[in-house]
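Residue numbers start at 1 and run along the sequence shown.
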Amino acid sequence: MPAARTLSARELTVCSFERQLLDRAEPLSAADGVRRLAALQAQYSPSPHLALWSRLPGFTTGQLDAALRDGSMVKSTLMRGTLHLVPGEDYGHLAAAWRRQWLVPLRGRHRTAGLDEAELDARLREFAAVPRSAQELREQVAEISGGRVRTDDLLNYARALLPLVHVAPSGHWRAHGKPQLVLWPGELPPEPVATARLARRYLAAFGPASRADLAHFAGLTLRQVDPALAELGELTTYRAEDGRELLDLPDAPPIGAADRVLPVRFLPKWDAALLSHADRTRMLPAALQPQVYRAVNGTLLASYLVDGLVAGLWSHTCTRGAAQLTLTPLVEHGARPELVAEGERLLAFLEPRATGLAVAFAS
């Protein structure tokens with residue numbers, strides 16, 4: 001067998017930028033965009049909209065809202081116990097792949113509680129056939145279990161047992177408030193098939209990637225992801241500069257040229273492009289990680305990219321019709337007219353009714 005090609009750090013940055021659609025090369029629909037991206041982090045309702053705005057030419061918030069209403073996009077708690085938006089066609093697989101990992105610790109904490117899980121499952125399915133609030137689900141689990149489930153596990157037990165999805169307008173542009181959840185009407189596939197679909201979607205969006213990268217994204221162990229990778233058949237193998245084995249789909253696009261100059265882009269909080277590898281240095285330099293990722297509360301701040309790498313943070317305000325985007329550089333990059341122009345475009349998206357747009361650099 002020929003030796004695996006070694007990919008430079010720069011090649012991996014360019015590849016991630018392109019796989020994450022940040023070059024805006026294709027006019028995809030919102031649903032097709034999310035399908036190509038595998039999943040979008042959705043803890044903060046504007047984040048998926050901003051993520052797609054950065055990637056899809058002509059994207060509007062109404063496109064994503066419509067996809068959530070018609071079911072081509074689904075919002076649910078999935079990988080790593082985190083809210084995501086995923087394609088409706090993939091939801092059952094992603095839910096099945098994550099379900100076991102969630103149930104194992106829950107069952108461990110309630111092993112001696114005399115809990116009849118089959119009864120809990122059946123009665124919860126009937127209860128959640130219509131939209132319910134999180135509090136209603138907690139109360140129902142408490143009632144059915146006779147108080148045998150710990151208070152802080154009530155909602156988690158419901159989510160782990162049942163595929164529960166958010167009801168619109170949860171996930172809509174700037175939709176806040178307490179969401180309602182409802183039982184997803186489909187059948188969950190077998191776990192090996194489900195995890196293989198997750199692995200395929202991940203490699204398409206984030207490859208070439210290591211086994212550890214996939215396990216990190218999925219919230220699973222290496223022992224769980226290895227059979228899923230085997231299900232995909234023969235994969236293309238590369239090496240990172242540090243010797244790590246990287247895997248990719250055989251029909252993946254070619255690796256982009258290392259000397260390509262990448263356009264500036266703005267990313268929202270918790271953007272998956274920065275979070276979905278165990279090694280986050282592809283687009284987030286190690287020296288900047290403490291300033292961008294707040295490990296105490298797990299917050300990844302809104303950032304901007306210069307030539308494919310995080311170069312600063314951004315925030316915005318709008319007062320009496322005057323919208324301002326404030327950029328906080330974390331590395332020296334100069335004023336860069338293209339950064340200001342892209343910032344003005346972002347402001348126009350964030351505040352379409354603003355009478356004035358200004359981009360300023362924090363001192």
Side-chain angles (χ1 to χ4, degrees), residues 6-23 37 40-41 43-44 47 50-51 54-55 80 82 202 205-217 219 238-246 255-316 325-340 342-343 346 359-363:
T6 296
L7 299 177
S8 68
R10 179 60 184 175
E11 285 177 305
L12 289 173
T13 296
V14 172
C15 186
S16 291
F17 194 92
E18 294 174 347
R19 294 279 183 96
Q20 281 292 295
L21 306 178
L22 287 163
D23 52 359
L37 296 166
L40 292 177
Q41 295 259 354
Q43 300 99 303
Y44 177 54
S47 287
L50 288 165
S54 289
R55 291 162 165 87
R80 308 180 308 282
T82 299
Y202 176 78
F206 299 100
S210 69
R211 296 162 56 239
D213 290 328
L214 171 57
H216 168 81
F217 172 83
Y238 298 98
R239 291 284 174 188
E241 289 180 327
D242 62 5
R244 285 176 297 120
E245 182 182 64
L246 304 176
I255 304 298
D259 60 355
R260 180 183 176 188
V261 178
L262 302 173
V264 298
R265 290 291 183 262
F266 286 85
L267 300 181
K269 290 181 179 180
W270 293 295
D271 195 285
L274 304 183
L275 285 173
S276 299
H277 294 89
D279 173 16
R280 294 173 177 162
T281 58
R282 291 191 187 198
M283 302 179 80
L284 178 56
L288 302 186
Q289 290 185 17
Q291 297 163 274
V292 180
Y293 181 72
R294 304 293 167 79
V296 174
N297 54 13
T299 297
L300 183 82
L301 301 178
S303 61
Y304 60 87
L305 308 177
V306 173
D307 203 19
L309 296 173
V310 171
L313 306 174
W314 67 268
S315 61
H316 97 286
L325 187 74
T326 301
L327 308 183
T328 303
L330 300 179
V331 297
E332 178 58 43
H333 56 63
R336 301 191 74 100
E338 69 273 23
L339 184 58
V340 174
E342 183 73 356
L346 173 60
V359 177
F361 289 86
S363 56

From Trp314 atom CH2 to Thr326 atom OG1, the distance as rounded to the nearest 0.5 Å: 11.0 Å
Pairwise distance CG(Leu305) to CG(Leu284) - rounded to 0.5 angstrom: 9.5 Å
Within-4.5 Å side-chain heavy-atom neighbours: Leu50 and Leu346: yes
Within-4.5 Å side-chain heavy-atom neighbours: Ser210 and Glu245: no
Close side-chain approach of Asp307 to Phe17, heavy-atom, < 4.5 Å: no
Donor-acceptor under 3.5 Å (Ser303 side chain, Gly312 main chain): no
Non-hydrogen atoms of Ala278 and Asp213 that approach each other most closely: N-OD1, 2.8 Å
Short N-O contact, Arg55 and Asp271, less than 4.0 angstrom: yes
Where Glu11 and Gly256 come nearest, the two heavy atoms and their spacing: CG-O, 4.3 Å
Charged tip of Arg244 within 45° of Tyr238 ring normal and under 6.0 Å: no
Close side-chain approach of Arg80 and Gln41, heavy atoms under 4.5 Å: yes
Non-hydrogen side-chain atoms of Leu246 and Leu12 separated by less than 4.5 Å: yes
Contact summary for Met283 and Leu22, nearest pair of heavy atoms: CE-CD1, 3.8 Å
Donor-acceptor pair, side chain of Gln20 and main chain of Ala205, under 3.5 angstrom: yes
Pairwise distance OG(Ser315) to CG(Leu325) - rounded to 0.5 angstrom: 7.0 Å
Flag side-chain contact, heavy atom, 4.5 Å: Asp23 against Leu262: no
ring-ring contact (aromatic ring centres under 6.0 Å, His included) assessment of His216 paired with Phe206: CA-CA 12 Å; His216 168 81; Phe206 299 100; over 10 Å; no
Side-chain donor or acceptor of Tyr293 paired with backbone N/O of Leu274 under 3.5 Å: no
CZ-CD distance between Arg10 and Glu241, expressed to the nearest 0.5 angstrom: 12.5 Å
Ser47 side chain vs Lys269 backbone, donor-acceptor pair below 3.5 Å: yes
Donor-acceptor contact below 3.5 Å, side chain Glu332 vs main chain Gly334: yes
Minimum-distance pair of heavy atoms, taken over all atoms of Pro329 and Ala362: CD-O, 4.4 Å
Donor-acceptor contact present, side-chain Ser54 to main-chain Leu267, <3.5 Å: no
Side chains of Gln291 and Leu288 in contact at under 4.5 Å (non-hydrogen atoms): yes
From CD (Gln289) to CZ (Arg280), nearest 0.5 Å: 7.0 Å
Geometric class of the His333/Tyr304 ring pair [parallel <30°, tilted 30-60°, perpendicular >60°]: perpendicular
Side-chain heavy atoms of Gln43 within contact of Thr82, under 4.5 Å: yes
Closest approach of Arg294 to Leu301 (non-hydrogen atoms, all atoms of both residues): NH2-CD1, 3.3 Å
Contact summary for Ile255 and Pro208, nearest pair of heavy atoms: CD1-CG, 3.9 Å
